[in-house]
Amino acid sequence: MIDFAIPADLAAERDRVRRFVIDKIVPFERDPRLTAHGPTDELRQELVELARAEKLLTVQAPESLGGRGLTHIEQAVIYEAAGWSTLGPVAMNCAAPDEGNMFLLSKVADPGQVQRYLAPVVAGHQRSVFAMTEPDGAGSDPAQLATSATFDGENFTINGRKWLITGANGAKTWIIMARLAANPHLPEGPTLFLADGDQPGIVIERTMNTMDRNYVAGHGVVRFDDLVLPKEALLGKAGQALRYAQLRLAPARLTHCMRWLGAAERAQSIAIEHARTRTAFGKPIGEHEGVSFMLADNEIALHQCRLTIWHACWLMDNGEKARHESSIAKSFVSEELFKVADRCVQVLGGIGISDETVVEMIFRDMRAFRLYDGPTEVHKYAIGRKVLRG
Ligand SMILES: Cc1cc2nc3c(=O)[nH]c(=O)nc-3n(C[C@H](O)[C@H](O)[C@H](O)COP(=O)(O)OP(=O)(O)OC[C@H]3O[C@@H](n4cnc5c(N)ncnc54)[C@H](O)[C@@H]3O)c2cc1C
């Protein structure tokens, strides 16, 4: 059966989330602890406690870990509401990279690793990172992975350099991708490891200055200097990192779409209000076709984006990997929502580029969405290859 109706209890929860974000979280958008390098850990902790008090913390997590085990389509509805403020997902512990990392760990980590590395992240007590991208190695093409790991039968030793690592500064649960060298004990190749962020051998060189400021602690440049990890640090099977990265990425890129859809709707609501009240040439600017068409284009895009997200979610909830559909969704939604945000800036006129409204922040923060979890061109490259294969 094809059914687009949102069940009444889910709609009620969506409305509760939206109310929570508007009443309790939006006021923090002017908090000085929302810095050029994203919300500080202190701000994050305060927001997390607000969500905890409302029983809205990490609702997506498996029930065995205290969450509600939301389906993908339920997440789409709830995250869209949370995304009204970029701080909403931070409060509810469903922001990147933790949300994707929790998903991956819930699928791949062994029981000991779940207790040590996953449970504290689900509880909102600590943060996590996924360290893959490198200045001279892995990026769009993760097969170029240059960070190395050796194994002597007891310990792994990791060396290499990463950048754009979101949340690196202060995160405790680290998922590190490195290329395991040939050894007599385990298969070689790209492999995932778990580490504690504060252990010797993990050096945070600096936090990068970037356009966006919605991710806690910003994005770090990181060096592994003879990082020694015990054999229990192996996450999943050796040599399988690229497969696990795909397992993480398909749902993770969709959750980005869901959260940014909520932010774009907010920008649109501000633009609509401005178009109704600001006048030029004898009438409200919204009555000029040039403006009403921009708002109409936004409405069309928001609707198309929501349907595209829901379809990919529906496939995954029905047991499909939906890699192709999630690629289509990620490339389409990131491009369309950025155009929505840009048109909202235009409708606002000069104040659109100022922080008089939150539209400027949404526009700036959203730009990176077209790059992370696969730049648009890389998704199109994958879609094109599939199309040509027939
Ligand atoms: C805000 C932000 C947060 C991030 N957080 C993390 C993180 O937490 N952990 C992590 O590991 N990484 C993270 N990244 C890195 C992100 O995953 C990479 O930026 C992304 O994979 C692209 O890699 P790259 O930047 O090295 O670009 P490159 O691989 O250098 O590619 C540059 C450009 O080349 C083009 N291109 C590449 N391949 C193709 C192709 N096949 N066809 C056509 N065009 C192509 C694309 O236009 C692409 O934008 C983050 C990035 C950003 C912007």
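Counting begins at 1 with the first residue of the sequence. In what follows, every heavy atom counts, from backbone to side chain, and hydrogens, waters and symmetry copies are set aside.
The side-chain hydrogen bond (donor to acceptor under 3.5 Å, both in side chains) analysis of residues 210-219, with sequence neighbours excluded, yields the pairs Thr166-His219, Thr210-Asp212, Asp212-His219, Tyr215-Tyr372.
With hydrogens and angles left out, the side-chain atoms of Ser326 and Arg253 include a donor and acceptor closer than 3.5 Å. Under the 3.5 Å distance criterion, with hydrogens and angles disregarded, no donor-acceptor pair is assigned to the side chains of Asn159 and Ser148.
A salt bridge links Asp41 to Arg127: one of the charged nitrogens lies within less than 4.0 Å of a carboxylate oxygen. Between Arg18 and Glu265 a salt bridge is recorded (basic side-chain N to carboxylate O distance below 4.0 Å). A salt bridge links Glu273 and Arg276; the closest N-O separation between the charged side-chain nitrogens and carboxylate oxygens is under 4.0 Å. In summary, Arg68 and Glu13 engage in a salt bridge, as defined by a charged side-chain N under 4.0 Å from a carboxylate O. Ion pairing of Arg364 with Glu360 is present here, as a side-chain N (NZ or NE/NH1/NH2) and a carboxylate O approach within less than 4.0 Å. Ion pairing between Arg306 and Glu80 holds under the 4.0 Å rule for side-chain N and carboxylate O.
Counting only heavy atoms from C-beta outward, the side chains of Asp196 and Trp174 never approach each other to under 4.5 Å.
We find the CG-CD distance between Leu104 and Glu99 to be 11.0 Å, quoted to the nearest 0.5 Å.
Note on ring orientation: taking the six-membered ring where Trp is involved, the planes of His185 and Phe151 are perpendicular (angle over 60°, cut-offs 30° and 60°).
Listed by chain and residue number, nothing satisfies the side chain to side chain donor-acceptor pair (under 3.5 Å) test with Gln75 (two or more places apart in sequence, or in another chain). Every residue was checked against the side chain to side chain donor-acceptor pair (under 3.5 Å) condition with Arg367, not counting sequence neighbours, and none meets it.
Among Gln144, Arg161, Lys162, the one residue that satisfies the side chain to side chain donor-acceptor pair (under 3.5 Å) test with Glu134 is Lys162.
Here the shortest heavy-atom pairing between Lys107 and Leu247 reads CB-CD2, 3.9 Å.
The hydrophobic clustering, which links ILVMFWY residues whose side-chain heavy atoms are closer than 4.5 Å, places Phe4 and Leu254 together.
Annotation: cation-pi geometry satisfied between Arg248 and Phe130 (NZ/CZ under 6.0 angstrom from ring centroid, within 45° of ring axis).
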